[in-house]
Amino acid sequence: MNEDKSMKLARQLAYDWARVELPNQRLTYTDYLRTTVGLTTIIDNVDRTSAIFVAIIEQAQCLGRSSEWVQAELTFEAKAEAVGDRDTWLLAELKNAGVTDEALDRYNERKNRFPN
């Protein structure tokens, strides 16, 4: 994806994110844009980037999560894409966090984010 297309997508995603009603919105549009620019840069695929973004926003709405959660999950998915193996990255994150109820809940949320 060229730089202009990537930036246009990042701006559109940031705008869409800003319009979503999520609890405890402490992030600014600049935070949204910074996060979406990182996502589009790392993934470099319009369809995949959009699918990840939509899945996380929908999950946030269903689970009542905040924009900070969305930001963390977009960052997670960008890293998983960079690694190239999402399942391996999921397990690495779980091992790094330690096996706690919270870590297992986060693992399950991430594991169930995309239908197989």
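The figures that follow rest on heavy atoms only: side chains count, while hydrogens, waters and symmetry mates do not.
Other members of the cluster containing W89 are F76, V83, L90, L91, L94, V99, L104, Y107, with ILVMFWY side chains joined at under 4.5 Å, either directly or via other members.
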Can you list, pair by pair, the side-chain donor-acceptor contacts under 3.5 Å of residues 53-61, counting residues two or more places apart and other chains?
residue, atom, partner, partner atom, Å
Q59, OE1, R113, NE, 2.6
Q59, OE1, R113, NH2, 3.0
Q59, NE2, E109, O, 2.7

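Scanning both residues, A82 and I42, for their nearest heavy atoms gives CB-CG2, 3.9 Å.
A side chain to side chain contact (heavy atoms under 4.5 Å, CB included) with T30 is found for one member of T28, L27, L33 and no other, namely T28.
Contacts of E102 classified as salt bridge (charged side-chain N to carboxylate O under 4.0 Å, His left out), with partners at least two apart in sequence or in another chain: R106. Considering only residues two or more places apart in sequence or on other chains, D105 meets the side-chain hydrogen bond (donor to acceptor under 3.5 Å, both in side chains) condition with none of them.
A donor-acceptor pair under 3.5 Å is absent between the side-chain atoms of N96 and the main chain of A92, judged by distance alone. Looking only at distances, no side-chain donor or acceptor of T49 sits under 3.5 Å from a matching main-chain atom of V46. Using modelled atom types, no side-chain atom of S6 and backbone atom of N2 make a donor-acceptor pair closer than 3.5 Å.
A salt bridge (charged side-chain N to carboxylate O under 4.0 Å, His left out) check over residues 25-53, counting only residues at least two apart or in different chains, returns the pairs R26-E68, D31-R34, R48-E81. Applying the salt bridge (charged side-chain N to carboxylate O under 4.0 Å, His left out) rule to pairs touching residues 85-99 yields E77-R86, D87-K111, E93-R110, sequence neighbours excluded.
In this structure, the side chains of L13 and Y32 stay at 4.5 Å or more apart for every pair of heavy atoms.
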